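Here is the structure we will look at.
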Amino acid sequence: MLSIENIRENPDEVRRALQTRGEDDSITEVLELDAQIRAAITQRDDLNAERNRVSREIGQARSQGQEASEEVRAEMRNIGDQADALNQRTKELGDQINELMLTLPNLPQADVPVGEDESGSVIIRQNGEPPVFDFEPKPHWDLGPELGIIDFERGTKLAGSRFYNMLNHGPKLERALIAFMLDLHSNEHGYTEISLPAVVKREIMEGSGNLPKFADQLYHDAEDDLWLIPTAEVPITNLYRDEIIPANTLPLKYVAQTPCFRRERASAGRDTRGIKRVHQFNKVEMYQFVEPETSNQELEKLVDNAEDVCRKLGFTYRVLQLCTGDMGFASSKTYDIEVWAAGCQEWLEVSSCSNCTDFQARRSNIRYRTEEGGRPRLPHTLNGSGLALPRVMIAILENYQQPDGSVVIPEVLRSYTGFDVIPAKTA
RNA sequence: GGAGAGAUGGCUGAGUGGACGAAAGCGCCGGUCUCGAAAACCGGUAUGGGGGCAACCUUAUCGUGGGUUCGAAUCCCACUCUCUCCGCCA
């Protein structure tokens, strides 16, 4: 959620910033409603003050044995009715404003490149070069079934398109990767490991920015109004919902592994082969609550934490800064990390790291104190994948495949997998 | 799923129609005392909104939403959550 104060004070600036994201302008409407609600609030509060004053007098008089006249009570009844009507009005206006505000994305920071779509995003740096193979590297949708570790057909049988099963060395490798990443971030990068519910209440989805606007991308249980999380970012954001975090606690850094559920309705027909884009996948997610002054600098470190995984796995990767039109709804600044996959000859997005500034904190009513007794402030929130498992699996299978069809396990993972190689199936 | 009990400030907990944003204690902050600390004593200590340059004024909030009343933490209705017991169960 954007700051209403900021919209009041700098409407043109906000308008311009939203336009760079391709947003329709509802600022004018917000300002109009805001003026109306403030007038109504002033009136209502004046009436309430009058009623409170007279009611106190009635109480005092009564304690001295004097009953209020029917005339006075009728007048107070009338004032009360007027106040109730105005109160109703402020609620309606408040709902309208809220509804509009919930659909407005975060403002991009000044140094974010302006652009309409992913073509406007900028490659910041690259680590390594795509390796050259002396044989034709296979894509994972061939390798997986050939190695007997991915079963697409039976996954589809169970849950439909974009679901799959893994077996034998497949799930073992994924399990090893998860353990490796969680250990790296919690032991070396200072994150607290946390495990979380995979479903959340409606207001939790609103707090993170996924609802109301992106309901069609989420799986929903209508019976209990529970929503399946598309990322651990959703529950972590709301950990401190409606709380004031005590002084001297920030930064708070969490790392979690959860399943992620995405309907991918907007991507129908895209990436239909393999496990690049599926409805359910595991992801290790990093998340931070930080002081506003440090958020951009912490974002750089968070990106490096994600890059560290890539480096340790020996990946060729590049870091992109997303342009205004390509960023997520809640983000003010985003870096993506893409790793090279030799089989499908593609850069795969394995991580997206964002500074959401105070956008999620305001939506979720998360505050903190800088010092004991100080005024509460909104913290900034950061999130970043560290990393998404299926695409890491793709990169390992495709980049570490051998001419004989086997796949070598990266050195750092071997203590976790307990094997050095996924052997080719001897037909 | 069945039965019962409950939900008040950072915490414990009082308050059952009138000066209550709310006693008291604990905690925390500041001060006195002390070489220093502890103890003791004194003072302070919720959040959001509206108005105002400010001092400040005002409003709302006692799980949530409605209702009764001139006036609700207190009375009525609905809901949510927590705890205990029973049942079922990974």
Side-chain angles (χ1 to χ4, degrees), chain A residues 1-9 30-102 195-207 221-227 235 238-250 252 259 358-379:
Chain A
M1 190 124 68
L2 299 178
S3 151
I4 185 76
E5 291 83 11
N6 187 35
I7 294 178
R8 269 180 216 153
E9 283 160 29
V30 168
L31 285 172
E32 253 165 45
L33 291 168
D34 182 55
Q36 284 180 43
I37 199 175
R38 284 198 287 168
I41 285 171
T42 303
Q43 270 188 65
R44 179 199 63 187
D45 285 357
D46 285 350
L47 288 170
N48 276 341
E50 170 70 2
R51 184 177 55 174
N52 287 344
R53 188 180 63 77
V54 175
S55 289
R56 270 195 297 270
E57 284 174 11
I58 292 174
Q60 271 170 35
R62 193 169 176 211
S63 68
Q64 286 155 25
Q66 295 169 15
E67 283 301 326
S69 67
E70 174 54 31
E71 198 175 286
V72 170
R73 286 198 284 143
E75 196 188 330
M76 282 309 105
R77 214 174 292 139
N78 181 30
I79 284 184
D81 289 347
Q82 287 180 49
D84 284 350
L86 280 164
N87 196 39
Q88 194 54 41
R89 178 81 184 124
T90 61
K91 273 186 187 153
E92 285 163 17
L93 286 166
D95 287 348
Q96 281 180 54
I97 292 169
N98 207 32
E99 200 176 303
L100 279 173
M101 295 287 282
L102 284 176
S195 71
L196 298 157
V199 296
V200 295
K201 301 187 228 178
R202 174 180 295 270
E203 66 256 33
I204 303 303
M205 282 293 181
E206 281 178 1
D221 163 46
E223 187 109 31
D224 295 318
D225 197 22
L226 288 173
W227 300 72
N238 288 273
L239 281 177
Y240 295 98
R241 182 187 186 78
D242 296 323
E243 287 189 42
I244 300 173
I245 299 167
N248 308 315
T249 354
L250 298 186
L252 283 165
D358 57 13
F359 187 84
Q360 292 176 325
R362 190 174 291 106
R363 274 171 104 104
S364 303
N365 191 29
I366 305 160
R367 288 161 298 165
Y368 80 102
R369 286 186 217 277
T370 43
E371 55 186 332
E372 206 67 52
R375 292 279 101 189
R377 302 175 75 200
L378 295 165

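These figures come from a predicted structure and were not determined experimentally. Just so it is clear: chains get the letters A, B, ... in the order the sequence lines come, proteins before strands, and each one is counted from 1.
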Original post:
Do any side-chain nitrogens or oxygens of A:Arg73 fall under 4.0 Å of OP1 or OP2 in B:U69?
Top reply: no

**OP:** Specify the separation, in whole Å, of atom CD of A:Gln43 and atom P of B:G51.
**Re:** 13 Å

Original post:
Which residues in residues 75-83 of chain A have at least one heavy atom lying under 4.0 Å from any atom of RNA chain B?
Top reply: A:Met76, A:Arg77

Original post:
Expressed in angstrom and rounded to an integer, what is the separation of A:Glu203 atom CD from B:C79 atom P?
Top reply: 18 Å

Original post:
Got a sec, which residues hit salt bridge (Lys or Arg N to Asp or Glu O under 4.0 Å) with A:Asp225, two or more places apart in sequence or on another chain?
Top reply: A:Arg202

Original post:
What is the distance from CD1 of A:Ile244 to P of B:C28, rounded to the nearest Å?
Top reply: 19 Å

**OP:** Sequence neighbours left out, what passes side chain to side chain contact (heavy atoms under 4.5 Å, CB included) with A:Thr370? Give chain and number order.
**Re:** A:Glu291, A:Tyr368, A:Arg377

Original post:
salt bridge (Lys or Arg N to Asp or Glu O under 4.0 Å) with A:Glu203: which residues, sequence neighbours excluded?
Top reply: none

Original post:
In whole Å, what separates the P atom of B:G66 from that of B:U61?
Top reply: 11 Å

Original post:
In terms of the nearest nucleotide of RNA chain B, which residue is placed more toward the 5' end: A:Val54 or A:Thr42?
Top reply: A:Thr42

Original post:
If you look at every strand shown and take non-hydrogen atoms under 4.0 Å, does A:Arg8 touch a base, only sugar-phosphate, or nothing?
Top reply: sugar-phosphate

Original post:
What nucleotide among B:G48, B:G49, B:G71 has an atom nearest to a side-chain atom of A:Ser55?
Top reply: B:G71

Original post:
Is it true that a side-chain atom of A:Asp224 and a backbone atom of A:Leu226 form a donor plus acceptor pair closer than 3.5 Å?
Top reply: no

Subject >> Between B:C11 (P) and A:Glu243 (CD): distance, integer Å >> reply: 10 Å

Subject >> Sequence neighbours excluded, every pair satisfying salt bridge (Lys or Arg N to Asp or Glu O under 4.0 Å) that has a member inside residues 53-67 of chain A >> reply: A:Glu50-A:Arg53, A:Arg53-A:Glu57, A:Arg62-A:Glu67

Subject >> Side-chain touch A:Arg367/A:Arg362, heavy atoms, less than 4.5 angstrom >> reply: no

Subject >> B:A14 and B:G30, which share atom name P, separated by this distance in whole Å >> reply: 32 Å

**OP:** Rounded to whole angstrom, note down the C1' distance from B:U74 over to B:G67.
**Re:** 15 Å

**OP:** Measure the distance from CD on A:Gln66 to P on B:G18 and round it to the nearest whole Å.
**Re:** 18 Å

What N/O pairs connect the protein and nucleotides 88-90 of chain B at under 3.5 Å? Give each pair on its own line.
none

Original post:
Please, which pairs that meet side-chain hydrogen bond (donor to acceptor under 3.5 Å, both in side chains) have at least one residue in residues 239-248 of chain A, sequence neighbours excluded?
Top reply: A:Asn238-A:Arg241, A:Tyr240-A:Tyr254, A:Asp242-A:Asn365

**OP:** Determine the interatomic distance between C1' on B:G2 and the same-named atom on B:G13; round to the nearest Å.
**Re:** 32 Å

Original post:
Atom CG of A:Asn87 and atom P of B:G49: how far apart are they, to the nearest Å?
Top reply: 17 Å

Original post:
Rounded to whole angstrom units, what separation is found between the CG atom of A:Asp242 and the P atom of B:U80?
Top reply: 19 Å

Subject >> Under 3.5 Å donor-acceptor, A:Thr249 side chain and A:Ile245 backbone >> reply: no

Original post:
About how many Å separate CG of A:Asn98 and CZ of A:Arg363, when rounded to the nearest 0.5 Å?
Top reply: 8.5 Å

**OP:** Using a heavy-atom cut-off of under 4.0 Å over every strand shown, decide if A:Ile41 touches base, sugar-phosphate, or nothing.
**Re:** sugar-phosphate

**OP:** Taking atom C1' in both B:A23 and B:C62, compute the distance separating them and give it to the nearest angstrom.
**Re:** 14 Å

Subject >> All side chain to side chain donor-acceptor pair (under 3.5 Å) counterparts of A:Glu5, not counting sequence neighbours >> reply: A:Ser3

Original post:
How long is the span from the CD atom in A:Glu206 to the CD1 atom in A:Ile204, to the nearest 0.5 Å?
Top reply: 9.5 Å

Under 3.5 Å donor-acceptor pairs involving side-chain atoms of residues 77-87 of chain A, not counting sequence neighbours:
{"unit_1": "A:Arg77", "atom_1": "NH2", "unit_2": "A:Glu70", "atom_2": "OE2", "d": "3.2"}
{"unit_1": "A:Asn87", "atom_1": "OD1", "unit_2": "A:Arg44", "atom_2": "NH1", "d": "2.8"}

Original post:
Want to settle it: does A:Ala61 or A:Arg38 sit nearer the 5' end of RNA chain B, counting the closest nucleotide to each?
Top reply: A:Ala61

**OP:** State, with a plain yes or no, whether a side-chain heavy atom of A:Pro379 is found less than 4.5 Å away from one of A:Asp358.
**Re:** no

Subject >> P atoms of B:G50 and B:U45, separation to the nearest Å >> reply: 24 Å

Pick out the pairs of N or O atoms, protein on one side and nucleotides 53-60 of chain B on the other, that lie under 3.5 Å.
{"unit_1": "B:U59", "atom_1": "OP1", "unit_2": "A:Asn52", "atom_2": "ND2", "d": "3.3"}
{"unit_1": "B:U59", "atom_1": "O2'", "unit_2": "A:Asp45", "atom_2": "OD1", "d": "3.0"}
{"unit_1": "B:A60", "atom_1": "OP2", "unit_2": "A:Asn52", "atom_2": "ND2", "d": "3.4"}

Original post:
Roughly how far, to the nearest 0.5 Å, is the OG1 atom of A:Thr90 from the CD atom of A:Gln43?
Top reply: 11.0 Å

Original post:
Distance from A:Leu93 atom CG to A:Asp34 atom CG, nearest 0.5 Å?
Top reply: 10.0 Å

**OP:** Measure the spacing between CG of A:Leu31 and CD1 of A:Ile97 and express it to the nearest 0.5 Å.
**Re:** 9.5 Å

Original post:
Given atom CD1 of A:Ile37 and atom P of B:G51, what is their separation to the nearest angstrom?
Top reply: 11 Å

**OP:** Determine the Euclidean distance between corresponding C1' atoms of B:C76 and B:G21; express it in Å to zero decimal places.
**Re:** 24 Å

Original post:
Quick one: is A:Arg375 getting a side-chain N or O under 4.0 Å of the B:A46 phosphate, OP1 or OP2?
Top reply: no

Could you pull out the protein-nucleic contacts involving nucleotides 64-68 of chain B (nitrogen or oxygen on both sides, under 3.5 Å)?
{"unit_1": "B:G66", "atom_1": "OP1", "unit_2": "A:Lys91", "atom_2": "NZ", "d": "3.1"}

Original post:
Distance between the C1' atoms of B:G65 and B:U80, in whole angstroms?
Top reply: 10 Å

**OP:** Return one dot-bracket line describing RNA chain B 5' to 3' (Watson-Crick or G-U wobble pairs, both distances under 3.5 Å; ( ) same strand, [ ] crossing, | another strand, . none).
**Re:** ((((((((.[[[..)..(.....]]]((((((.......))))))((((((....)))))).[[[[[..)....]]]]])))))))....

Original post:
Going from CZ on A:Arg38 to CG on A:Leu33, what distance comes out if it is rounded to the nearest 0.5 angstrom?
Top reply: 12.0 Å

Original post:
So do A:Ser55 and A:Asn52 actually touch side chain to side chain, heavy atoms under 4.5 Å?
Top reply: no

